[in-house]
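Have a look at the structure below before the remarks.
Per chain, numbering begins at 1; letters A, B, ... match sequence-line order.
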Amino acid sequence: MSGEILIQQPGNSVVTDLGRTRGPRFGLPVNGALDQYSARAANILAGNQDNHPLVEITALDFRMKATTDILIAVTGAPLTLTVGGRPSSQWEPISVRAGETVSIRGINRGLRAYLAIHGSIEAETLLGSVAPDTVVGFGLQLKEGTSLLTRKSVGPVRQPYFDLPLFRLGLERPRMDSDLLVDVTDGPDVAEFGASGELLFTSEYAVSGRSNHIGLRLGGELPERTSNGEVLSRGVPVGAVEVPSREELLVLHRGRGVTAGYPVLAVVTSTGLDVLAQARPGDKVRFRKTTVAEATATHRRSRAQLETLRESVNTVFGLLGIGCRPQWQDLPVAACS
Amino acid sequence: MSVLAAAPTEIYESGDSALRVVAISEVSEHNWLTVHGLADWLEDCGAEGLHGAVPTYDSVLVEFDPILVSARQVRAFVKLGLLELGRSAGSATAPREFDVPVVYGGEFGPDLERVAQHQGISVDDVIRLHTEKTYTVRCLGAPAGSPMMDGPAFPKPVPRLKDPRLSVPAGAVAVAGRQAVIAPAVAPGGWCVIGQTPLSVLNIRREPLVPYKPGDILRFRQIRAEDFGQYQGLELEPQGLVLADVDREKSGARP
């Protein structure tokens, strides 16, 4: 049986997933959940597959009503969560009865929250992804009165079971501070900045209010390019740190245009991008240099924690008879080496 | 693309999920063939963990999932692909040709006169130079799969606008530096807009979303402002399809 939810207060929310990985070859950015760790965790906690459609809520309060019994999980930025008026916990599966309202308020540390619903959400896809693309005008931006269909409804679950200590089994909740430490590796064009490239690691930067899913603008002491030849347009990676103007540093995020002509000073690591996804205007950012090998190891450790979480959730859901078969995803060989 | 040995290349780390491969021969055409041949090869090899490749003029960005493959493994793949380029014909599809009707100047091309002044030539000469060239799509760029092309034979490079526009309409035909482009979607832009095509270029209900691919041929053809409406709602298609129909309709409608 499918379920339904009704959006009462959309705030700034969209239906998204882990992104359009086939997009860049067609000139479309990857887009998708900016905080990939929190989005994956939400889906895992809701018994979904990692890439299932879910709701990304940015900064503003959000409220929805379940018209059937459903099971949800909320992750990402810390916030005040109530279900049917009862205070509820983030980073846990929560049973919502038909007619109850889910309310999300007070995102003031961190910026983005993720709400996954067991059975996920029906939404149109473009190149295999539901992620919104503001440039081509695709995606499901939620409005007051939007009705979302889920592929499953879940009968009320006796709450005590969810007091099982899921999270002592290894899931780390990301820290959300107003002082962010972001790991980067040297960019392909680091040599073009000469000695001034080191400023990136000795200065502190402030997040500008003009930041969005395309890129974050950071004010502070700027490295300067020593060469000034015209650069041919070329593919730029998500996470590219550029100095396009004399005023701000630009860090490209998942909505970035696929090609550009600015030299790439540094590239934010996969885990660093999750940190930046939660940066609020005014937050302070410091960069720390790492290597690709180290960044990959960190990223794989973090993913391994999510795999542990998946096992725990499958066990609990199995015991409760919640209607999903265990969804094992074998870790690929490369991740174990 | 024909059989050719790959140009010499350099491979740069670009974070934990991408590599940049740059072809560094003296011959830009060879570099372009190399990076596009490599992108096609990577696409076809279907290796686990490879998201895709974004080839442009002399470089290709190879994106991958670092959980599934390591940067070192992808680098080895790239080297294999470069060796293979010289051995196989690659994807040897013949280029298709596209005819692009354009209304130049006026509200359709607000920067036409500015470009003419800067070049020190007449507006008619700008249009003539823009329409007499045959353009090869070099790569798909931002935004939304724009066809990036080598520009017309203007006397000098075209400077970008000092104040980029917040919104350039879909179909805008623009030039900058030594490059030319059509905008498939509404987006901000700093290129000089000299005209606009009434054809729609982007269709997100279709795959691929844009009809051309790198290597295809585009030609621009001047039409009158009053004919703009006749083409609206039609899609840019390889030659011999839509435009032939329009011409038939037009000739049929003539008294």
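- Of the atoms belonging to V236(A), it is backbone heavy atoms, and not side-chain ones, that fall under 4.5 Å from chain B.
- Of the atoms belonging to R205(B), it is side-chain heavy atoms, and not backbone ones, that fall under 4.5 Å from chain A.
- When G141(B), A144(B), C139(B) are compared by the number of non-hydrogen pairs under 4.5 Å with chain A, A144(B) comes out ahead.
- If you measure heavy-atom distances from L202(B) to chain A, the contacts under 4.5 Å come from the side chain alone.
- Contact annotation: the side chain of L34(A) approaches that of Y114(A) to within less than 4.5 Å [non-hydrogen atoms, C-beta and beyond].
- Here the CG-OH distance, from D189(A) to Y262(A), works out to 13.5 Å after rounding to the nearest 0.5 Å.
- Within the 4.5 angstrom heavy-atom criterion, only side-chain atoms of A71(B), from C-beta onward, approach chain A.
- If you measure heavy-atom distances from D186(A) to chain B, the contacts under 4.5 Å come from the backbone alone.
- Considering D50(A), N51(A), T75(A) in turn, D50(A) is the only one that fulfils the side-chain hydrogen bond (donor to acceptor under 3.5 Å, both in side chains) rule with R40(A).
- Taking V210(B), D16(B), D58(B) one by one and counting their heavy-atom pairs under 4.5 Å with chain A, the maximum is reached by D16(B).
- Residues passing the side chain to side chain contact (heavy atoms under 4.5 Å, CB included) test with A18(B) are P237(A), S14(B), L61(B), E63(B), sequence neighbours excluded.
- The contact between E124(A) and chain B is made entirely by side chain atoms (from C-beta outward), counting heavy-atom distances below 4.5 Å.
- For the pair P214(B)/L140(B), a side-chain contact is recorded, criterion being any heavy-atom separation below 4.5 Å from C-beta on.
- For K289(A) and E198(A), the salt-bridge test passes: some basic side-chain N is under 4.0 Å from an acidic carboxylate O.
- Partner of T271(A) under the side-chain contact (heavy atoms from CB on, under 4.5 Å) criterion, out of T290(A), T296(A), T298(A): T298(A) alone.
- Ion pair E207(B)/R22(A) flagged as a salt bridge, since at least one NZ, NE, NH1 or NH2 atom sits closer than 4.0 Å to an Asp/Glu carboxylate oxygen.
- Counting all heavy atoms, side chain and backbone alike, H30(B) lies closest to A7(B) at NE2-N, 3.4 Å.
- The contact between T185(A) and chain B is made entirely by side chain atoms (from C-beta outward), counting heavy-atom distances below 4.5 Å.
- Taking non-hydrogen atoms and a 4.5 Å limit, the residue list of residues 182-196 of chain B in contact with chain A, ordered by number, reads A185(B), V186(B).
- By number of non-hydrogen pairs under 4.5 angstrom with chain B, the leading residue of G27(A), P29(A), P188(A), G137(A) is P188(A).
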Subject >> Working for side-chain contact (heavy atoms from CB on, under 4.5 Å), residues L200(A) and L249(A) >> reply: CA-CA 9 Å; L200(A) 188 67; L249(A) 206 62; 3.6 Å; yes

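- Per-residue counts of heavy-atom pairs under 4.5 Å with chain A were compared for S59(B), P143(B), P208(B); the largest is that of S59(B).
- Between K213(B) and D40(B) there is no salt bridge, since no side-chain N of the basic residue sits under 4.0 Å from a carboxylate O of the acidic one.
- Checked for salt-bridge contact, E29(B) and R138(B) meet the test: a charged N lies under 4.0 Å from a carboxylate O.
- Among G239(A), S270(A), G23(A), the residue making the largest number of heavy-atom pairs under 4.5 Å with chain B is S270(A).
- Within the 4.5 angstrom heavy-atom criterion, no atom of E10(B) approaches chain A.
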